[in-house]
Peer 1: 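Sharing a structure below in structure tokens format, with a few things to ask.
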2 protein chains.
Amino acid sequence: MLDVRRLRLLRELSLRGTIAAVAEALAYTPSAVSQQLSTLEREAGVPLLERTGRRVRLTPAGQKLVAHAEAVLERLEQAAGELAASCHEVAGRVRIGIFPTAARALLPDALTSLAGRHPALEPMVSEIDPADVAPALRAGELDVALVHEYDFVPSPVEPGLATEPLCDETMYLAATTLPHVDLADGAAALGHWRDAAWITATPGTLCHTMTLRACHGAGFTPHVRHQVDEFATVLELVAAGHGVAMVPQLAVTDAPPNLSLVRLPLHRRTLIAVRSGAGAHPAVAAVAAALRAAVRRIGDPPARRCGGCGRADTRPHPRATEVCAS
Amino acid sequence: MLDVRRLRLLRELSLRGTIAAVAEALAYTPSAVSQQLSTLEREAGVPLLERTGRRVRLTPAGQKLVAHAEAVLERLEQAAGELAASCHEVAGRVRIGIFPTAARALLPDALTSLAGRHPALEPMVSEIDPADVAPALRAGELDVALVHEYDFVPSPVEPGLATEPLCDETMYLAATTLPHVDLADGAAALGHWRDAAWITATPGTLCHTMTLRACHGAGFTPHVRHQVDEFATVLELVAAGHGVAMVPQLAVTDAPPNLSLVRLPLHRRTLIAVRSGAGAHPAVAAVAAALRAAVRRIGDPPARRCGGCGRADTRPHPRATEVCAS
DNA sequence: CTGAAGCATAAGCTCAGCTGATGCTCGATG
DNA sequence: CATCGAGCATCAGCTGAGCTTATGCTTCAG
């Protein structure tokens, strides 16, 4: 009988490529992972790993085995979900991973509605960068988490995880003054800030990559002066005249005054990610529902009306001036 | 993460109904099974077992979980098979369970062809009563085994196992002298030996049940004088005039002379049983192929020609007189 | 009423599997 | 070419999961 714990290590190895990374992702020492994979290989009777330089790679047999491991883990996840569903009440701990902007914009409301609807549920929230979400979910450290998909930054398909869309936000360019130009021309509009001082997120984050790629798409490389992840701070900096920045819609719900927001023809999609098979778990489903409700209550992003072009908007505008560039 | 070993215990419990039986089937002490199931229940967070009198029964949640367990175990079995298949050579140990008659009739030939075709394969044969095959397969004590299906004795569907037919044998009535009556009338023909002394297998075996049911079907209860499982011995006893017996076709390949064999309108089907998902395992497939080849070499039972009615027969008749009663 | 069958629990032991230390190899870098 | 860091394997040692044995309780059959 193949050991499922060991198969899980193998699956993670197929995703990360080094034993050390597997160990870090699943909270073991590299030594333990190495030993367990050796045992798995011995039991399998076939080489599963191939030492290549100082790394290690899966053999074809290993890759096939990973496919089976995926299926088994997914089925076990389903089983756990069905067990929890057979409980009359949605209860127990559910660990939620969320990025700072969403935490600020959605979390208070979502937690309140969760507490009202499922008093026995114990949501535990951790802020986490969307880039780290996948291993944390697979390792069982989180049960639900939010990830991003930016235009220009396709998120790779993550095996073992299932996602469904939560919301689709317009991206804005935040500045103090509007240039006296026609902003109607989509991507090229960004070019009007080609010589501005830019404020981006720190390198390595999706937001940072998104900003750079978008500017490159408009034909220039931004002069990055400040690197700040927290959008509220970023907006304050912009309002104080220290630069311009690209920010997502969720970040501008409490924008400071004296800020010009130009709607860009770029979008950021936020997805709810869970382990494959766990979507039917009632606690997970409840969290997803609460997050959706919170999004609806903020106002369905696509339904907003732009101060510049006059389209429908279901919520009060931010106090800042808003102009549509799309 | 649900523990697959514990799920296996639960699955076995759903089949046997008592913890003690599970323990015996899977070679644990009842105490260990009880502890593991308690742990599983605690992890599940939902009652899976229901104490009813001095037995224990699965709750609906438990039954659902068993379905998932089946799926997981089957997939793991498939994975193991594919691993073995990715080896260039069919090798390693394969444990075979076989009943005495088949052992005598098929095994030498099957083992010879296996040794020739797959020298690295190490078949290990154990004689086992078909009634005990299911738990032994599920427990991993056997990899392939032969089971029976008699007319009148439907074998229950065994979860976790997959079967495919190996051969279909005609049943014979063995006696020293033929009655001066028309044997053409199927089941009723048996009635001509209603007052004979009968030799059956020991109670509890499928053969025993089969004989009794067949006689009851013909309207009488046989007078059982001797109870002997070994068909060769049974035939010697019959030839020596100590009674009559119902024997399957495989048993009459080396029947003693001076024996009358009356073909009965009854059949015994022999099936190859494996764990679900293990059918593609190359060692298992090799054993199955060898058994089939052995059956073919003996002569395809349905293709034989009856000494009484003149139908086709591809192998030499047993030396005994053979008459068709169907 | 008695005994057997079946389950649960406690106590103790054993080994699977983890950590931490060490050494080796590969590849990048100056 | 020498050096250094990253990555993997192996060893020794320890800890706890999980097994067995022993015991007691409950239920049911005779």
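Residue numbering restarts at 1 for every chain, and letters A, B, ... go by the order of the sequence lines. Just the heavy atoms: all of them, side chains too, but no hydrogens, waters or symmetry mates, feed the values below.
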Peer 1: Take the protein atom CZ of B/R51 and the nucleotide atom C1' of C/dC7, then report the distance between them rounded to whole Å.
Peer 2: 8 Å
Peer 1: Answer yes or no: does a side-chain N or O of A/R6 lie under 4.0 Å from OP1 or OP2 of C/dG17?
Peer 2: yes
Peer 1: Using 4.0 Å as the upper bound for N to carboxylate O, is an ion pair formed by A/R268 and A/E149?
Peer 2: no
Peer 1: Does any donor atom in the side chain of A/S31 or A/Q35 lie under 3.5 Å from an acceptor atom in the other side chain?
Peer 2: yes
Peer 1: Going by side chain to side chain donor-acceptor pair (under 3.5 Å), name the residues that satisfy it together with B/Q36, two or more places apart in sequence or in a different chain.
Peer 2: B/R6
Peer 1: Rounded to whole angstrom units, what separation is found between the CD atom of B/E41 and the C1' atom of C/dA8?
Peer 2: 12 Å
Peer 1: Please report, rounded to the nearest Å, how far the P atom of C/dA5 is from the CD atom of B/E24.
Peer 2: 12 Å
Peer 1: For A/T202, which residues count as a side chain to side chain donor-acceptor pair (under 3.5 Å) partner, sequence neighbours excluded?
Peer 2: A/D229
Peer 1: Can you name the atoms? Protein N/O to nucleotides 18-20 of chain C N/O, anything below 3.5 Å, with the distance.
Peer 2:
residue : atom : partner : partner atom : Å
C/dC18  : OP1  : A/R5    : NH2          : 2.6
C/dC18  : OP2  : A/Q36   : NE2          : 3.0
C/dC18  : N4   : A/Q35   : OE1          : 3.4
C/dT19  : OP2  : A/T29   : N            : 3.1
C/dT19  : OP2  : A/T29   : OG1          : 2.7
C/dT19  : O4   : A/Q35   : NE2          : 2.9
C/dG20  : O6   : A/S31   : OG           : 2.7

Peer 1: Could you check how far CG of A/L9 sits from P of C/dG17, rounded to whole Å?
Peer 2: 11 Å
Peer 1: Quick one: side chain to side chain donor-acceptor pair (under 3.5 Å) partners of B/R275, sequence neighbours excluded?
Peer 2: B/E77, B/D143
Peer 1: What is the distance, to the nearest angstrom, from the CG atom on A/L40 to the C1' atom on C/dG17?
Peer 2: 15 Å
Peer 1: Could you pull out all residues at least two apart from B/A84 that satisfy side chain to side chain contact (heavy atoms under 4.5 Å, CB included)?
Peer 2: B/H281, B/P282
Peer 1: Expressed as a whole number of angstroms, how long is the span from A/E50:CD to D/dG7:P?
Peer 2: 19 Å
Peer 1: With sequence neighbours excluded, give me every salt bridge (charged side-chain N to carboxylate O under 4.0 Å, His left out) pair touching residues 54-66 of chain A.
Peer 2: A/E50-A/R57
Peer 1: How many whole angstroms separate atom CD of A/E43 from atom C1' of C/dA16?
Peer 2: 11 Å
Peer 1: For DNA chain C, find the residues of residues 53-64 of chain B with a heavy-atom distance under 4.0 Å and give them by number; none if there aren't any.
Peer 2: B/R54, B/V56
Peer 1: A/R16: which residues meet the side chain to side chain donor-acceptor pair (under 3.5 Å) condition with it, sequence neighbours left out?
Peer 2: A/E12
Peer 1: For A/E127, enumerate each residue passing the salt bridge (charged side-chain N to carboxylate O under 4.0 Å, His left out) test, keeping only those at least two apart in sequence or located in another chain.
Peer 2: none
Peer 1: Nearest-nucleotide wise, let me know which of B/S38 and A/T52 is further upstream toward the 5' end of DNA chain C.
Peer 2: B/S38
Peer 1: Once you round it to whole Å, what is the distance between C1' of C/dT9 and CD1 of B/I19?
Peer 2: 13 Å
